[in-house]
Amino acid sequence: MTNLTDDKDDRIRQVIAMIPEGRVSTYGNVARMAGLPGYARYVGHLLKHQDACSTLPWHRVISSTGKISLPVDSVSHSLQQQKLEAEGIVFRNGKIDLALYGWLTHNR
DNA sequence: TGCTTGACGCGCG
DNA sequence: ACGCGCGCCAAGC
């Protein structure tokens with residue numbers, strides 16, 4: 001019931017759900033916006049655990065380096081890139097320009 | 001109960 | 001520009 005962990009999960013999911021189409025955010029940024037600085041890793045853990053069955057735009061969450069955190073040779077990786085490109089996001093050398101597509105990220 | 005793992009992030013060399 | 005190491009947090013064994 002009063003599981004504080006679930007509350008955190010809920011806030012993280014909420015933030016991810018707010019990421020607009022054609023834009024991306026980072027794990028650390030999502031955690032920060034959820035009011036949980038330092039929980040970047042947990043965001044990834046959460047997505048990995050629910051992935052498929054959720055309607056969350058999980059593909060819009062990438063690493064702060066602008067690269068997809070999933071193994072390059074994995075199916076999930078190509079799927080994520082495919083979904084992002086379908087939203088108009090362009091990859092350059094396997095990376096995304098956060099200054100261009102980053103949502104509410106560091107002001108630059 | 002303690003060590004290892006993982007869809008992270010950042011400072012250094 | 002890039003690889004490496006350390007810190008951070010929760011989950012799995």
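A note on names: the letters A, B, ... follow the listed sequences, proteins ahead of strands, and every chain is numbered from 1.
- Note: CD1 (A:Ile12) to C1' (C:dC8) measures 13 Å, nearest angstrom.
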Quiz prompt | side-chain contact (heavy atoms from CB on, under 4.5 Å) assessment of A:Ser25 paired with A:Met18 | solution = CA-CA 10 Å; A:Ser25 189; A:Met18 288 190 287; over 6 Å; no
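- Taking side-chain N and O atoms only, A:Lys8 has a distance below 4.0 Å to OP1 or OP2 of C:dA10.
- Between A:Arg32 atom CZ and C:dC8 atom P the separation is 15 Å, expressed in whole Å.
- The shortest distance between the side-chain N/O atoms of A:Lys95 and the OP1/OP2 oxygens of C:dC2 is below 4.0 Å.
- For A:Arg11 and C:dC9, the CZ to P distance is 15 Å, given to the nearest whole Å.
- Summarising the geometry, the separation between CD1 on A:Ile16 and P on B:dC8 is reported as 13 Å, rounded to the nearest angstrom.
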Nucleotide N/O of nucleotides 9-13 of chain B paired with protein N/O under 3.5 Å:
{"residue": "B:dG9", "atom": "OP1", "partner": "A:Tyr27", "partner atom": "N", "Å": "3.3"}
{"residue": "B:dG9", "atom": "OP1", "partner": "A:Gly28", "partner atom": "N", "Å": "2.8"}
{"residue": "B:dG9", "atom": "OP2", "partner": "A:Ser64", "partner atom": "N", "Å": "2.7"}
{"residue": "B:dG9", "atom": "OP2", "partner": "A:Ser64", "partner atom": "OG", "Å": "3.4"}

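- Remark: A:Leu79 engages A:Trp58, A:Gln82, A:Lys83 in a side chain to side chain contact (heavy atoms under 4.5 Å, CB included) (not counting sequence neighbours).
- Heavy-atom contacts from other residues, nucleotides or ligands closer than 6.0 Å to CZ of A:Arg32 number 12 or fewer.
- Side chain to side chain, A:Ser63 and A:Thr65 meet the donor-acceptor criterion of an N or O pair below 3.5 Å.
- For A:Ser64, the side chain to side chain contact (heavy atoms under 4.5 Å, CB included) partners two or more places apart in sequence, or in a different chain, are A:Thr26.
- Remark: P of C:dA1 and CG of A:Asn93 are 10 Å apart, rounded to the nearest angstrom.
- Here the side chain of A:His45 is nearest to one of C:dG12, B:dG6, B:dA7, namely B:dG6.
- Not counting sequence neighbours, the partners of A:Ala40 by the side chain to side chain contact (heavy atoms under 4.5 Å, CB included) test are A:Tyr27.
- Stretches of at least 3 consecutive Watson-Crick or G-U wobble pairs, with each checked distance under 3.5 Å, appear in DNA chain C as B:2-6 with C:9-13, B:8-13 with C:2-7.
- Here the side chain of A:Tyr39 is nearest to one of C:dG12, B:dA7, C:dA10, namely C:dA10.
- The closest side-chain heavy-atom distance from A:Ile68 to A:Gln81 is below 4.5 Å.
- Protein atom CD of A:Gln50 is 15 Å distant from nucleotide atom P of B:dA7, rounded to whole Å.
- For the pair A:Ile16/A:Leu47, a side-chain contact is recorded, criterion being any heavy-atom separation below 4.5 Å from C-beta on.
- Look at CD1 on A:Ile68: it is 12 Å from P on B:dC8, rounded to the nearest Å.
- Residues A:Pro37 and A:Lys67 each lie close to DNA chain C; by heavy-atom proximity, the contact nearer the 5' end of the strand is made by A:Lys67.
- A:Arg41 places its CZ atom 11 Å from the P atom of B:dT5, with the value rounded to the nearest Å.
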Per-pair distances, 0.1 Å, donor-acceptor, side chain in residues 87-94 of chain A, under 3.5 Å, sequence neighbours excluded:
{"residue": "A:Glu87", "atom": "OE1", "partner": "A:Gly22", "partner atom": "N", "Å": "2.8"}
{"residue": "A:Glu87", "atom": "OE1", "partner": "A:Arg60", "partner atom": "NE", "Å": "3.1"}
{"residue": "A:Glu87", "atom": "OE2", "partner": "A:His59", "partner atom": "NE2", "Å": "2.9"}
{"residue": "A:Glu87", "atom": "OE2", "partner": "A:Arg60", "partner atom": "NE", "Å": "3.2"}
{"residue": "A:Glu87", "atom": "OE2", "partner": "A:Arg60", "partner atom": "NH2", "Å": "2.9"}

